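What follows is a set of notes on a single structure, which appears directly below.
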Amino acid sequence: MGDDEHMWLTERFGLSVPVVGAPMANVSGGRLTAAISAAGGLGMLGAGSAVTADWIRTEGAIAAESGKPYGIGLMAWSVQERPEHLEAMLELKPALVSLSFGDYTPYVGTLQAAGIVVATQAGTVADARAAIDAGVDVIVARGAEAGGHGRNAVATLPLLQAILDLTDLPVLAGGGISGARGLAAVMAAGAAGGWIGTAFITCVEAQTKESARQAIIAADETATVYGTVFDAASRAGWPDEFGGRALRNAYFDNWEGREDELKSDDTGHAEYVDGSKTADPARASIYAGQGVGALTGQPTAAEVVEEFATYRDYLRAALNDGSK
């Protein structure tokens, strides 16, 4: 591959760096989204199930202020319960919408008819086949290393290779891509770009609370755990099919293996809610992927995108080494 490996993102969205900021609830609001887009990537607003349609409109307007394309990510199961979220998106008409985790098929045509590019996250080859059948425009190969919600079935690299062999649709790689080396690896494999979440969590523009920032910076690559404990505690409505990867803490350890009990345990629920409100790292869910060990400070989004842009140097070095 040459210097045109990210041509799809360039042609479709005008990106100078093949980086899409993964939509992260309580992290990627309008400010972070705009900052990633202004830096040459594509920022995405993370609209959690609890936000209002007005929140989406307000934060979407902030995201649009950069004058650059941006995206919005929603959960399909949540849209079924909150159709006003979809209505708000159609009003904003972002360049890209990601709908994942649940039955997104009823919304693909509606979004595309509005001129919106539609993506979905696939955690298995079966997910990717379903996405192709649904007519999406781009597939995110989301490996088990990724932070936040998704499947824990297959790691990024084997999943990416299998999906690239399956389809000619553009494929973004997500999970464990903590910097330019990781981006170079997936671009060399044939990905259209990286779906980057964890690397942006501690950015100055992120909504991440200070105590969570410090816990994330202190964490190494072994500090995350996957499960449904925090979903059982939050009662937000996440299907059990999709767990989440977050920093391991005392609350998780206390309830792991007792998720069904936790769903109806009011004391456990109250403890989690209080931990979330007070941003207590021992009781709150701090979602992050296995790339968390690479985070050492609180950079600007532009600095993160700039570092990712050096992936080309690693590709050139590999090509030069291979030609000797």
Side-chain angles (χ1 to χ4, degrees), residues 1-24 27-28 32-44 66 68-71 96 138 140-143 145-147 155-157 160-161 164 170-206 208 213 216-217 219-221 288-324:
M1 301 183 75
D3 288 334
D4 296 328
E5 57 269 88
H6 61 278
M7 188 169 290
W8 181 78
L9 285 172
T10 300
E11 291 180 349
R12 202 70 193 247
F13 305 114
L15 305 194
S16 58
V17 185
V19 164
V20 177
M24 299 176 284
V27 175
S28 48
L32 178 60
T33 301
I36 294 171
S37 291
L42 184 75
M44 292 196 74
S66 71
K68 302 284 189 177
Y70 73 97
L96 175 68
V138 54
V140 179
R142 184 206 173 279
E145 303 99 313
T156 302
L157 205 51
L160 174 64
Q161 293 172 87
L164 287 169
V171 179
L172 302 175
I177 305 172
S178 56
R181 291 181 187 276
L183 183 58
V186 299
M187 296 299 285
W195 180 264
I196 312 298
T198 300
F200 289 110
I201 293 178
T202 60
C203 282
V204 295
E205 300 93 343
T208 312
R213 291 171 182 267
I216 289 164
I217 290 168
D220 67 15
E221 78 282 1
Q290 290 182 343
V292 70
L295 299 179
T296 58
Q298 301 192 42
T300 64
E303 288 170 338
V304 174
V305 174
E306 183 179 9
E307 193 278 330
F308 272 110
T310 65
Y311 82 94
R312 298 181 184 92
D313 297 335
Y314 294 106
L315 282 181
R316 290 190 191 101
L319 288 170
N320 290 336
D321 287 346
S323 62
K324 290 179 180 176

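Quantities reported herein were computed from a predicted structural model and do not represent experimental measurements. All heavy atoms count here, side chains included; hydrogens, waters and symmetry mates do not.
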*Considering residues at least two apart in sequence or located in another chain, which fulfil the ring pair (Phe, Tyr, Trp, His ring centres under 6.0 Å) criterion with F13?*
W8
Distance in Å, [X] [atom1] paired with [Y] [atom2], rounded so as to fall on 0.5 Å steps:
X	Y	atom1	atom2	result
I36	K68	CD1	NZ	14.5 Å
L319	L315	CG	CG	6.5 Å
I177	Q290	CD1	CD	12.5 Å

*Contact check, side chains of L42 and L96, non-hydrogen atoms, under 4.5 Å*: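 Yes; the side chains approach each other to less than 4.5 Å.
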Can you give me every donor-acceptor pair (side chain of residues 179-205, partner residue at least two apart or in another chain, under 3.5 Å) with its distance?
{"unit_1": "T198", "atom_1": "OG1", "unit_2": "G289", "atom_2": "N", "d": "2.8"}
{"unit_1": "T202", "atom_1": "OG1", "unit_2": "G297", "atom_2": "O", "d": "2.9"}
{"unit_1": "E205", "atom_1": "OE1", "unit_2": "A301", "atom_2": "N", "d": "3.0"}
{"unit_1": "E205", "atom_1": "OE2", "unit_2": "A301", "atom_2": "N", "d": "3.4"}

*side-chain hydrogen bond (donor to acceptor under 3.5 Å, both in side chains) partners for R12, two or more places apart*: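 Residues passing side-chain hydrogen bond (donor to acceptor under 3.5 Å, both in side chains) with R12: none at all.
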*Excluding sequence neighbours, so at least two apart, what forms side-chain hydrogen bond (donor to acceptor under 3.5 Å, both in side chains) with E145?*
T156
*asked:* Going by side-chain contact (heavy atoms from CB on, under 4.5 Å), name the residues that satisfy it together with T33, two or more places apart in sequence or in a different chain.
replied: S28, L45, A63, Y70
_Once side-chain contact (heavy atoms from CB on, under 4.5 Å) is applied, do any residues pair with E303, and if so which ones, sequence neighbours excluded?_
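For E303, the residues satisfying side-chain contact (heavy atoms from CB on, under 4.5 Å) (neighbours in sequence not counted) are P299, T300.
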For [X] against [Y], the heavy-atom pair lying closest together:
X	Y	answer
S37	P69	OG-O, 2.8 Å
V305	G41	CG1-N, 4.3 Å
A34	S66	O-CB, 3.7 Å

*asked:* Is it the case that atom CD in Q298 sees more than 12 heavy atoms from other parts of the structure closer than 6.0 Å?
replied: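 It does: Q298 CD has more than 12 such atoms within range.
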_Main-chain N/O of V27 paired with T208 side-chain donor or acceptor, under 3.5 Å_ = no
*T10 side chain vs L15 backbone, donor-acceptor pair below 3.5 Å*: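 Checking the backbone N and O of L15 against the side chain of T10, a donor-acceptor pair under 3.5 Å is found.
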